[in-house]
Visitor: 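Have a look at the structure that comes next, please.
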There are 2 protein chains.
Amino acid sequence: MPTPPGTDPAPEMEIVHLLRATAVELGLHSARFAHRNGMHATDVRALIALMDARRAGEETTAGRLGAVLGLNSAGTTALVDRLERAGHVRRVRGERDRRQVVIEVEDRAVDLGQAFFGPLIERSVELLRGYDERQLAAIRGFLGGVREAAAGQG
Amino acid sequence: MPTPPGTDPAPEMEIVHLLRATAVELGLHSARFAHRNGMHATDVRALIALMDARRAGEETTAGRLGAVLGLNSAGTTALVDRLERAGHVRRVRGERDRRQVVIEVEDRAVDLGQAFFGPLIERSVELLRGYDERQLAAIRGFLGGVREAAAGQG
DNA sequence: ATCGAACATCTCGATGAACGAGATAATAAG
DNA sequence: CTTATTATCTCGTTCATCGAGATGTTCGAT
């Protein structure tokens, strides 16, 4: 995201770059977690998606996981193989539809994620506690707006 | 980044998840740009790094680029090969030190990035213009704090 | 001057994530 | 019961990245 050429840099650009830098840094943080546990970026994304779904009380099948991550069936199988081999998830045949393979996260993986991402989350919450409601609304509004713009375009 | 188990979800968690979602969405936005132009995530990161450096008035050598992206020399060579083959950059032997290969971005690549990321940047600036100085300070403080925390830990 | 160590980049072969095509198995529709 | 559809897996290939080492360049010490 470079500065538009022929434009005097608006003071708001500083924050735009800061957001980008923060996004990159969060990505690197995940990458460190992945590397440290012998995983790849996709594996971490998969675990996060699985935990999100679990928190929402939803089962995740192999196919659904692959769709969320943008993998085809072959890639999804390989991914689940890796995660299962590493002991982070287990395959369970679907009860209702026995063609399905439901992916369940092992507690061990949840703890691992907690240990690594917990401090960052706590620090974030701590930062947010320092702002009043008007300021929190601005943060929410800006992040939500950018997310929407990024999702909508292209 | 799941909610800590055994903890009543703090209201701040909503914003933490929003930030994560935004970071993911920005990553996907880059991925769409990459895919649409027959590139990979690393290629886009490389172009962004190159343009950032150029805006800062710095030359980028092959080795420096690889170091920024966390690639070894073989990977860096392959990366620059891809970018050069696609016409996004050109190799120029270093003047001062002829062992070096300075990577220069082609104008074509800059325009391409402008066209794709420009609208998102403009929308972000537009959003920011809607906030007062206290609110902007909160956004800056939160993003900067999270970035620092993500960079520092691990 | 010249030799050798340090450096920047490239080449080669190997590893592994992800893909396309197609096989297998379970369910649903006619 | 047969056929179509869906869910997952297998096989062979592609391509980014890696480790090791080759090649060319600079610089300090002699």
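So that the names make sense, note that chain A is the first sequence line, chain B the second, and so on, each numbered from 1.
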Visitor: Think B:Thr42 has a side-chain N or O under 4.0 angstrom from the OP1 or OP2 of D:dT17?
Guide: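 Answer is yes, contact under 4.0 Å.
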Visitor: Atom CG of A:Asp81 and atom C1' of C:dA18: how far apart are they, to the nearest Å?
Guide: 13 Å
Visitor: Whole angstroms only, please: what is the CZ-P distance between A:Arg64 and D:dT6?
Guide: 16 Å
Visitor: Tell me: CG of B:Leu65 to P of D:dA16, nearest whole Å?
Guide: 15 Å
Visitor: So, is A:Asn72 close to the C:dG20 phosphate, meaning a side-chain N or O under 4.0 Å from OP1 or OP2?
Guide: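 Yes.
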Visitor: To the side chain of B:His40, which of C:dT9, C:dC19, D:dA16 is closest?
Guide: D:dA16
Visitor: Give a yes or no on this: more than 12 heavy atoms of other residues, nucleotides or ligands lie within 6.0 Å of atom CZ of A:Arg82.
Guide: yes
Visitor: Which part of the nucleic acid does B:Leu71 contact within heavy-atom distance under 4.0 Å: base, sugar-phosphate only, or nothing?
Guide: sugar-phosphate
Visitor: More than 12 foreign heavy atoms under 6.0 Å from CZ of A:Arg98: is that the case here?
Guide: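 Open.
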Visitor: So for atom CD, which belongs to B:Glu148, do other residues, nucleotides or ligands contribute more than 12 heavy atoms lying within a distance under 6.0 Å?
Guide: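 Result for CD/B:Glu148: open.
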Visitor: Over 60° means perpendicular and under 30° means parallel, so classify the ring planes of A:Phe117 and A:His29, tilted if in between.
Guide: perpendicular
Visitor: Let's see if you get this right: which residues in residues 85-101 of chain B place a heavy atom under 4.0 Å from DNA chain D?
Guide: B:Asp97, B:Arg98, B:Arg99
Visitor: Let me know, please, whether B:Gly63 or A:Ala74 comes out on the 5' side of the other along DNA chain C by nearest nucleotide.
Guide: B:Gly63
Visitor: Describe the nucleic acid contact of B:Thr76 in one word from base, sugar-phosphate, nothing, applying a heavy-atom distance below 4.0 Å.
Guide: nothing
Visitor: Taking CD in B:Glu59 as the centre, count heavy atoms belonging to other residues, nucleotides or ligands within less than 6.0 Å. Is the count above 12?
Guide: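 No - once you tally the heavy atoms of other residues, nucleotides and ligands closer than 6.0 Å, there are 12 at most.
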Visitor: Rounded to whole angstrom units, what separation is found between the CZ atom of B:Arg82 and the C1' atom of D:dT14?
Guide: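 To the nearest whole Å, that distance equals 13 Å.
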Visitor: Tell me the interatomic distance from A:His35, atom NE2, to C:dG16, atom P, rounded to whole angstroms.
Guide: 14 Å
Visitor: If you compare every side-chain N and O of A:Ser73 against the phosphate oxygens of D:dA7 (OP1, OP2), does one of them come in below 4.0 Å?
Guide: no
Visitor: Across the strands shown, which category fits A:Gly70 at heavy-atom distances under 4.0 angstrom: base, sugar-phosphate, nothing?
Guide: sugar-phosphate
Visitor: More than 12 foreign heavy atoms under 6.0 Å from CD of B:Glu133: is that the case here?
Guide: yes
Visitor: Out of curiosity, A:Leu19 CG to B:Ile139 CD1, how far, rounded to the nearest 0.5 Å?
Guide: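 The CG atom of A:Leu19 sits 9.5 Å away from the CD1 atom of B:Ile139.
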Visitor: At under 4.0 Å between heavy atoms, what does A:Ala62 touch on the DNA or RNA strands: base, sugar-phosphate, or nothing?
Guide: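 Here A:Ala62 touches the backbone only, sparing every base.
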